[in-house]
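Below: one structure, written as structure tokens.
Order of appearance sets the numbers: ligands from 1, and atoms from 1 within every ligand. Quantities reported herein were computed from a predicted structural model and do not represent experimental measurements.
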Amino acid sequence: MDCIFCQIASGKIPSDIIYQDEELIAFRDIKPQAPVHLIIIPRKHIPSLDQLSQADSSLIGRMIAIANQLAKGEGIADKGYRLAINSGEEGGQLVPHLHLHLLGGRRLSGTLG
Ligand code: AMP
Ligand code: ZN
């Protein structure tokens, strides 16, 4: 499996992991777009939001719950933050393994696209 996020999940590629459990991993984005920029992924290789099955849809709820917890840990929960999932080419998805961006630590752009 040459998926970069699967390789991060298995420890084959080093990353700045700040949270992990049996289902999810969170690490710092290698090219942060804000003072806090974390990536939350399921360990399971799901290529995109578009390919999320009904059976796996509860993962999204857990990803958001962990993101909220991490936002508190990073000290940005009170001022505000943004969660984003890019899906597919026109959605701006570059890494084909489902992931949630957590961005914060500055006033973010008012546009989303
Ligand atoms: P997306 O455009 O939604 O697919 O976002 C992919 C994100 O993954 C980008 O913000 C990249 O900077 C980030 N990224 C790519 N490779 C790595 C890596 N090895 N470690 C951490 N973040 C990465
Ligand atoms: Zn993968």
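Some N or O of His99 is nearer than 3.5 Å to an N or O of ligand 1, by distance alone. At least one N or O atom of Val95 sits closer than 3.5 Å to an N or O atom of ligand 1.
Near Lys31, meaning under 4.0 Å from one of its heavy atoms, ligand 1 places the atoms 12 (O). Ligand-side atoms of ligand 1 in range of Leu94: 1 (P), 2 (O), 4 (O), range being under 4.0 angstrom from any heavy atom. The Gln93 neighbourhood of ligand 1 comprises atoms 4 (O), with distances under 4.0 Å to a heavy atom of that residue. Heavy-atom proximity to Ile8, at under 4.0 Å, picks out these atoms of ligand 1: 18 (C), 19 (N), 20 (N). Those atoms of ligand 1 with a heavy atom of Arg28 less than 4.0 angstrom away are 21 (C). Within the listing of ligand 1, atoms 1 (P), 2 (O), 3 (O) sit less than 4.0 angstrom from a heavy atom of Asn86. In summary, the atoms of ligand 1 found under 4.0 Å from a heavy atom of Phe27, numbered by their order in the structure, are 21 (C), 22 (N). Within ligand 1, the atoms closer than 4.0 Å to a non-hydrogen atom of His101 are 1 (P), 3 (O), 5 (O), 7 (C), 10 (O), numbered from 1 in the order shown.
Residues satisfying the salt bridge (charged side-chain N to carboxylate O under 4.0 Å, His left out) test with Arg82, not counting sequence neighbours, are none. Under the rule for a ring-ring contact (aromatic ring centres under 6.0 Å, His included), Tyr81 has no partner lying at least two apart in sequence or in another chain.
Given atom 8 (O) of ligand 1, the protein heavy atom at minimum distance is Phe5 CZ, 3.4 Å. In this structure, the protein non-hydrogen atom closest to atom 14 (N) of ligand 1 is Ile30 CG2, 3.9 Å.
Under the 4.5 Å side-chain criterion, counting only non-hydrogen atoms from C-beta, Leu83 is not in contact with His101.
Using 4.0 Å as the threshold, Ile13 has no heavy atom nearer than that to any atom of ligand 1. At least one heavy atom of Gly92 sits less than 4.0 Å from an atom of ligand 1.
The heavy atom nearest to atom 13 (C) of ligand 1, out of those in Asp29, Ile41, Ile39, Leu100, is found in Asp29.
Angle ND1 (His97) to the Zn ion (ligand 2) to ND1 (His45): 110°, rounded to 10°.
At distances below 3.5 Å, at least one donor-acceptor pair connects side-chain atoms of Gln93 with backbone N or O atoms of Val95. With Thr111 contributing its side chain and Gly113 its backbone, the two residues share no donor-acceptor pair below 3.5 Å. Side-chain N or O atoms of Gln20 include none that pairs as donor or acceptor with a backbone N or O of Phe27 at under 3.5 Å.
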Please test Glu23 against Arg43 for salt bridge (Lys or Arg N to Asp or Glu O under 4.0 Å), starting from the C-alpha separation and ending with a verdict.
CA-CA 6 Å; Glu23 262 185 340; Arg43 286 184 186 275; over 6 Å; no
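The two atoms that bring Ala67 and Leu102 nearest to each other are O-CD2, 3.7 Å, heavy atoms only. Across Ile25 and Ala9, no two heavy atoms sit closer than the pair CD1-CA, 3.3 Å.
Ring geometry for His99 against Phe5 counts as perpendicular: the plane angle is over 60°, on a 0 to 90° scale with 30° as the lower cut.
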